[in-house]
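Have a look at the structure below, then the notes.
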There are 2 protein chains.
Amino acid sequence: MTTSPSRAETGTLMPAPMAFLLSQLGFHAAQVFAERLMPLGLQPRHFGLLAHLAEGEGRSQQQLADALAIHRNVMVGLVDDMEGRGLVERRRHPSDRRAHAVFLTAPARALLAEARRIAAEYELELLTPLEDSDRTALMALLQRLARHAGLNPDIHPGLQTANHPRGARRVAESRA
Amino acid sequence: MTTSPSRAETGTLMPAPMAFLLSQLGFHAAQVFAERLMPLGLQPRHFGLLAHLAEGEGRSQQQLADALAIHRNVMVGLVDDMEGRGLVERRRHPSDRRAHAVFLTAPARALLAEARRIAAEYELELLTPLEDSDRTALMALLQRLARHAGLNPDIHPGLQTANHPRGARRVAESRA
DNA sequence: TATTGTTATACTCTATAACTATA
DNA sequence: TATAGTTATAGAGTATAACAATA
């Protein structure tokens with residue numbers, strides 16, 4: 001082979017090196033996290049729902065969907081899945097007979113704890129090359145960017161399933 | 001409403017605040033970039049291919065697929081699409097009659113220039129809250145993380161289409 | 001009339017495997 | 001026998017719209 005004049009945009013040639021690097025790292029982190037979660041039978045969206053419920057149970061599916069920016073139609077399947085595995089329970093909503101009140105089960109709490117352990121473990125690996133002062137500095141810088149970008153701490157853009165008035169999503173293909 | 005004991009994991013409660021924030025920002029940046037590219041009729045993958053070809057034309061589809069970590073089957077459709085829009089040309093490969101040599105067209109160069117302008121513009125917006133010294137520091141920190149994570153400057157994980165022996169991808173759903 | 005949960009349908013995207021023509 | 005490009009098929013995931021029950 002040896003035909004590799006490749007090794008293109010190594011940073012300097014990119015018009016948006018920071019955005020690209022940020023995006024690369026962000027997708028990579030999400031990918032690794034998802035892989036490590038797999039042995040638990042969980043996907044990031046499951047983790048997101050569990051973590052959110054742990055902060056306050058009894059919410060309706062619509063409330064959960066809004067909070068995580070997942071479409072309610074998708075939330076149905078997500079709750080179906082987790083209820084089938086005995087991780088959440090649908091109970092009667094105290095004030096709205098149309099809605100369900102979603103609760104965690106004991107096994108779900110144990111599973112969430114384990115998932116959090118895995119997340120913390122990966123966090124350490126990811127940050128290995130940085131000393132404490134660097135980590136603090138990086139965190140502060142990223143938070144400033146996140147704040148300016150208007151990011152909501154509860155919402156991960158990778159889990160969004162459109163709808164929520166949040167900007168176009170349609171893709172421009174000129175294929176067929 | 002006012003029923004929002006929500007506002008959960010605001011950073012301190014997260015087991016992996018840096019990884020989560022990084023991922024949030026990375027997905028957000030990719031999302032905004034994709035939206036801004038849409039008016040040009042381009043998706044990030046189109047931009048990736050154009051940018052890569054601009055660094056060296058005449059490569060085979062397989063070489064391009066390897067370089068960008070896109071599956072060759074997907075590369076076919078991508079090149080089909082772009083060829084149909086007059087952005088790339090498939091010519092005879094000088095040394096391998098099985099392969100095509102892919103080249104950019106003049107309109108593609110103009111389009112790539114415009115896309116780069118858009119990218120540079122977004123980069124500035126994203127980095128608005130940081131002064132120059134902060135930007136330099138952030139860039140350095142992210143590069144250290146990227147290097148440690150083994151990221152390839154040419155490959156964006158969000159464009160990967162599996163196959164390439166790069167680790168599992170299968171998802172564990174226990175639905176049906 | 002609007003909203004919650006649900007379901008059905010169409011559509012997009014991807015994975016996988018196969019095939020051909022070359023190597 | 002292996003590889004480049006291509007195509008076909010099936011599957012996962014999503015968007016959209018509709019519906020019944022309730023607000």
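All values derive from a computational prediction rather than experimental measurement. Within every chain, numbering begins at 1; the chains are lettered A, B, ... in the order of the sequence lines, protein sequences first and strands thereafter.
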Rounded to whole angstroms, how far apart are [atom1] on [X] and [atom2] on [N]?
X: A:H71; N: D:dA18; atom1: NE2; atom2: C1'; result: 12 Å
X: A:L78; N: C:dG5; atom1: CG; atom2: C1'; result: 14 Å
X: B:H93; N: D:dT3; atom1: NE2; atom2: P; result: 16 Å
X: A:Q62; N: D:dA21; atom1: CD; atom2: C1'; result: 15 Å
X: A:R91; N: C:dG5; atom1: CZ; atom2: C1'; result: 19 Å
X: B:R72; N: C:dT14; atom1: CZ; atom2: P; result: 16 Å
X: B:M75; N: C:dC13; atom1: CE; atom2: P; result: 16 Å
X: A:H46; N: D:dG13; atom1: NE2; atom2: C1'; result: 13 Å

Under 3.5 Å, is there any donor-acceptor pair linking the side chain of A:R98 to the base of C:dG5?
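Between C:dG5 and A:R98, which were checked side chain against base, a qualifying N/O pair under 3.5 Å is absent.
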Next item on the list: Quick one: label B:H100 by what it contacts on the DNA or RNA (base, sugar-phosphate, nothing), any heavy atom closer than 4.0 Å.
Entry: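 If one applies the 4.0 Å heavy-atom cut-off, B:H100 turns out to touch the sugar-phosphate alone, with no base involved.
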Going 5' to 3' through nucleotides 7-12 of chain C and flagging B where a protein heavy-atom sits under 4.0 Å of the base, S where only the sugar-phosphate is that close, and - otherwise, we get B-----
For B:F27, check side chain to side chain contact (heavy atoms under 4.5 Å, CB included) against everything at least two apart and list the hits.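 Applying side chain to side chain contact (heavy atoms under 4.5 Å, CB included) to B:F27 gives A:F27, A:A30, A:H156, A:P157, B:S23.
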One thing to verify: whether [Y] and [X] come together as a salt bridge, which I'm taking to mean a side-chain N less than 4.0 angstrom from a carboxylate O.
X: B:E123; Y: B:R117; answer: no
X: A:D134; Y: B:R144; answer: yes
X: A:E57; Y: A:R109; answer: yes
X: B:R135; Y: B:E131; answer: no

Among [options], which nucleotide sits nearest the side chain of [X]?
X: A:Q61; options: C:dG5, C:dA18, D:dT14; value: C:dG5
X: A:D96; options: D:dA23, C:dT6, D:dG5; value: D:dA23
X: A:A99; options: D:dG5, D:dT16, C:dG5; value: C:dG5

Does A:R45 have a side-chain nitrogen or oxygen under 4.0 Å from the phosphate oxygens OP1 or OP2 of D:dT14?
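Yes, within the criterion.
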Closer than 3.5 angstrom, by distance alone: can the side chain of B:T161 be matched with the main-chain N or O of B:I70 as a donor-acceptor pair?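 Side chain of B:T161 to backbone of B:I70: no pair is present.
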Quiz item: Between CG of A:L78 and NE2 of A:H71, what distance do you get to the nearest 0.5 Å?
Solution: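 A:L78 CG to A:H71 NE2: 14.0 Å, rounded to 0.5 Å.
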